[in-house]
Amino acid sequence: MNDQPAPAPLLIACALGIEHLALRTGDRGGAGGPVTFVRTGMGPRAAERSVTRLLAGPAPADTAVLATGFCAGLAPGMHPGDLVVAEETRDPRGTVPCVGTELLVKELVRLLPGRTVHTGPLTGSDHVVRGPERSALLATGAIAVDMESAATLLAAVRTGERPVAAVRVVVDAPEHELVRIGTVRGGISAFRVLRSILPAFFEWHRSLLLPRR
């Protein structure tokens, strides 16, 4: 008889159809337990509703949650296709510390040698950030912004103690704003990067010391 506890599940959340497509068509091998991909819809309210509903339902109490997709870089010198591993997520309702940041960075560097990986606070917004607002957010110490990660992680920890993380791919940066002509090229680069990083998420998940109940 096998008395080993069942592997803890992993919930990977993104907002957009194009992000979901990248994840669904990426390398799905190597998962350390059951994995669910959810497209929450765009914006913090949609993300919070979707994640709360999933985790308040039949999901096991030790489900780990990872928010991913695209983001806007805030720091000068960031480029489309760069990676952001959050040390914490922030929005006006609170800050959520992330788990296993160093491991995620290590695995991403191994998977994509030469690809720049940034670490720091990831801030939330309820709208697309441009121009002067980008500089104002950078002044708070944040390195990147998106609309769903902070809400996703806040909803996750409010439904129970669990490991959480956020990894985003830069699609928009100070010198490469979405309104510029390089948008399509930058978007393709970001899509390819997102499609290739699932093994890092699975390694993060396998390495967690999850509480058993």
Side-chain angles (χ1 to χ4, degrees), residues 9-16 18-28 30-33 35-40 44 47 51 63-75 78-91 95-125 142-157 162-173 186-187 189-208:
L10 171 63
L11 177 65
I12 299 177
C14 64
L16 304 178
I18 190 68
E19 296 166 340
H20 198 235
L21 176 63
L23 295 168
R24 285 191 296 108
T25 57
D27 181 359
R28 303 281 287 271
V35 180
T36 298
F37 296 88
V38 59
R39 178 187 171 190
T40 64
V51 172
T63 299
V65 176
L66 191 148
T68 193
F70 303 137
C71 70
L74 298 175
M78 288 179 128
H79 296 88
D82 285 3
L83 286 150
V84 172
V85 179
E87 294 176 341
E88 64 183 27
T89 59
R90 307 170 171 175
D91 74 6
T95 297
V96 178
C98 294
V99 174
T101 298
E102 291 183 1
L103 173 65
L104 280 166
V105 171
K106 176 183 174 183
E107 288 301 311
L108 292 168
V109 168
R110 182 183 65 80
L111 275 174
L112 297 169
R115 183 70 61 178
T116 302
V117 181
H118 307 269
T119 60
L122 176 61
T123 195
S125 175
I143 63 168
V145 57
D146 74 88
M147 296 173 66
E148 297 84 24
S149 291
T152 294
L153 269 53
L154 192 60
V157 298
R162 66 184 76 253
V164 294
V167 177
R168 290 275 171 171
V169 183
V170 174
V171 74
D172 177 42
S189 173
F191 178 88
R192 288 174 175 166
V193 171
L194 183 59
R195 190 170 179 266
S196 68
I197 59 179
L198 277 175
F201 299 169
F202 297 154
E203 184 60 31
W204 171 79
H205 186 220
R206 275 196 300 271
S207 300
L208 295 172

Can you tell me how far apart [atom1] ([X]) and [atom2] ([Y]) are? Round to the nearest 0.5 Å.
X	Y	atom1	atom2	result
Ile197	Trp204	CD1	CH2	13.0 Å
Thr40	His20	OG1	NE2	10.0 Å
His205	Thr63	NE2	OG1	8.0 Å
Asp172	Asp146	CG	CG	12.0 Å
Glu203	Leu208	CD	CG	10.0 Å
Met78	Cys71	CE	SG	6.5 Å

Note, [X] side chain near [Y] side chain (heavy atom, < 4.5 Å):
X	Y	value
Pro199	Leu111	yes
Asp91	Thr123	no
His79	Thr116	no
Ile143	Val84	yes
Leu153	Cys98	yes
Phe202	Ile12	yes
Val35	Phe201	no
Leu108	Arg115	no

Nearest heavy atoms of [X] and [Y], plus distance in Å:
X	Y	value
Pro97	Val164	O-CG2, 3.6 Å
Val169	Gly81	CG1-CA, 4.0 Å
Thr152	Ala67	CG2-CB, 4.0 Å
Val145	Ser125	CG2-CB, 3.7 Å

Tell me if a side-chain donor or acceptor on [X] pairs with a main-chain N or O of [Y] at a distance below 3.5 Å.
X	Y	answer
Thr101	Ala86	yes
Arg168	Thr68	yes
Arg162	Val65	no

query = Considering residues at least two apart in sequence or located in another chain, which fulfil the side-chain hydrogen bond (donor to acceptor under 3.5 Å, both in side chains) criterion with Arg110?
reply =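 So Arg110 forms a side-chain hydrogen bond (donor to acceptor under 3.5 Å, both in side chains) with Glu107.
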